[in-house]
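Quick caveat: nothing in here was measured; it's all calculated off a predicted structure. Quick note: numbers below take in every heavy atom, side chains included, and nothing from hydrogens, waters or symmetry partners. Chain letters run A, B, ... following the sequence lines, proteins first, then strands; residues in each count from 1.
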Protein chains: 2
Amino acid sequence: MPSPDSAERAQLVERFRRWLRDQRLPVTHPRDVIADLVIGSDSHESVGTIAAQLKARGERIGTATIYRTLDLLVRSGLVRANEFGEGFRRFERVAGKERHEHLVCVRCGRVVEFANERLERMLPIIGDEHGFRHERHRVEIFGTCRDCLQRELGGLRS
Amino acid sequence: MPSPDSAERAQLVERFRRWLRDQRLPVTHPRDVIADLVIGSDSHESVGTIAAQLKARGERIGTATIYRTLDLLVRSGLVRANEFGEGFRRFERVAGKERHEHLVCVRCGRVVEFANERLERMLPIIGDEHGFRHERHRVEIFGTCRDCLQRELGGLRS
DNA sequence: CTCATTGCAAAGCGTTTGCACCAGT
DNA sequence: ACTGGTGCAAACGCTTTGCAATGAG
């Protein structure tokens, strides 16, 4: 999941601005900056990491505004909220990506995306079989990532 | 997911007691009662519903003890913790059940279990393909359950 | 008798809300 | 001008922790 090149990034942020105007909502500086940051990131950002990066950029934006803007980004369909059982949410751009699920490393917390068409086709059918009108689903695989496995092997020697 | 008959229930609670003794941990009244309640339930209980039922049984057991005992039940392998994005966890007996995943109704919160062998086989393989040593996974399908669909249709008439 | 558990209350942590002030449109 | 946004701090809900009193082995 490479981060989008600056052209695509700018285009997606512009799409958010358009969405705001469509909703008769003001386009403000905090919204612009947060959208740029989340949309431009290749990782799964928490409110904490977002706040830190905003501070690093010299912005003084309150936590409440971050939450409120993330809510808008999710509602616009450009961003998705994830809950990996860490006790807080992580946000990722979805616009311009194919539907995917997540692998989560239980050692280092790294999140890797994977796409599997058969899986995506199966789940709505399973819902059907149980009388559920499928709306969305989530699949998470927890395990140890390649790097942590290697590190573990290294650790055995010492 | 029927609740276990009283024989099986007693047997599972006894298994928890044995596990505690193996760990050199005291078997206490709160632990007994909480284990009986969670193991005897056919639904997915939150700490809130557990506390309410304890009070209804006339027990005066603190919240901290409920959390601590649930932790033990999970560690013993008899109980599993679930996180359905409601902001709190739900606990269910797993001993004596086949491996399963969950359907969650977004209207009424009802949780239904489903088992799918193919799904369970797929996920460790997908992990492998991405260099992950699979440890566990979770799959949740969110949608509207049969009852709520019916209620919705009824609502259209009025 | 000793060490872990219990209940209670306080603290923690991510998230939401209330509010006076400020800014897009 | 009007409507909604912003930062700050307080409130929230679930969960964890500190501690003196209690109880299991």
Rounded interatomic separation in angstrom, taking CD from B/Glu45 and P from D/dC14: 15 Å
Between C/dC13 (P) and B/Phe88 (CZ): distance, integer Å: 22 Å
Salt bridge present between A/Asp71 and A/Arg75 (N-O < 4.0 angstrom): yes
Shortest side-chain distance from B/Tyr67, nucleotide among D/dT16, C/dT6, C/dG7: D/dT16
Side-chain N,O (B/Arg89) to OP1/OP2 (D/dT15) below 4.0 Å: yes
Main-chain N/O of B/Pro26 paired to B/Arg31 side chain as donor or acceptor, under 3.5 Å: yes
5′-ward residue of the pair A/Pro30/B/Thr28 relative to DNA chain D: A/Pro30
Whole-Å gap separating P (C/dT6) and CG (B/Leu70): 12 Å
Closest to the B/Leu25 side chain, choosing from C/dG14, C/dA4, D/dG5: C/dA4
N or O in side chain of A/Arg60 less than 4.0 angstrom from D/dC8 OP1/OP2: yes
Residue-phosphate contact under 4.0 Å: B/Arg31 side-chain N/O, D/dG23 OP1/OP2: no
For atom CG of A/Leu54 and atom C1' of D/dT6, their distance in whole Å: 14 Å
Mutual orientation of the aromatic rings belonging to B/Phe114 and A/His130 [parallel < 30°, tilted 30-60°, perpendicular > 60°]: tilted
Along DNA chain C (nearest heavy atom to each residue), the more 5'-positioned of A/Glu83 and B/Thr63: B/Thr63
Most 5' of B/His29 and B/Gly48 on DNA chain D, judged by nearest nucleotide: B/Gly48
Under 4.0 angstrom between B/Thr65 side-chain N/O and C/dG7 OP1 or OP2: yes
N/O (side chain, B/Arg17) to phosphate O (OP1/OP2, D/dG25) under 4.0 Å: no
Euclidean distance, atom CD of residue B/Glu86 to atom P of C/dT15 [Å, nearest integer]: 16 Å
Protein-nucleotide distance (B/Leu72, atom CG; C/dA4, atom P), rounded to Å: 14 Å
Value in whole Å for how far the C1' atom of D/dT15 lies from CZ of B/Arg90: 17 Å
Distance test, side-chain N/O of B/Arg68 to OP1/OP2 of D/dT17, below 4.0 Å: no
A/Arg151/A/Arg107 under side-chain contact (heavy atoms from CB on, under 4.5 Å): CA gap, chis, key distance, verdict: CA-CA 10 Å; A/Arg151 202 169 306 127; A/Arg107 298 273 183 279; 5.8 Å; no
Side-chain donor-acceptor contact under 3.5 Å, B/His44 with B/Glu92: yes
For atom NZ of B/Lys55 and atom C1' of C/dC8, their distance in whole Å: 14 Å
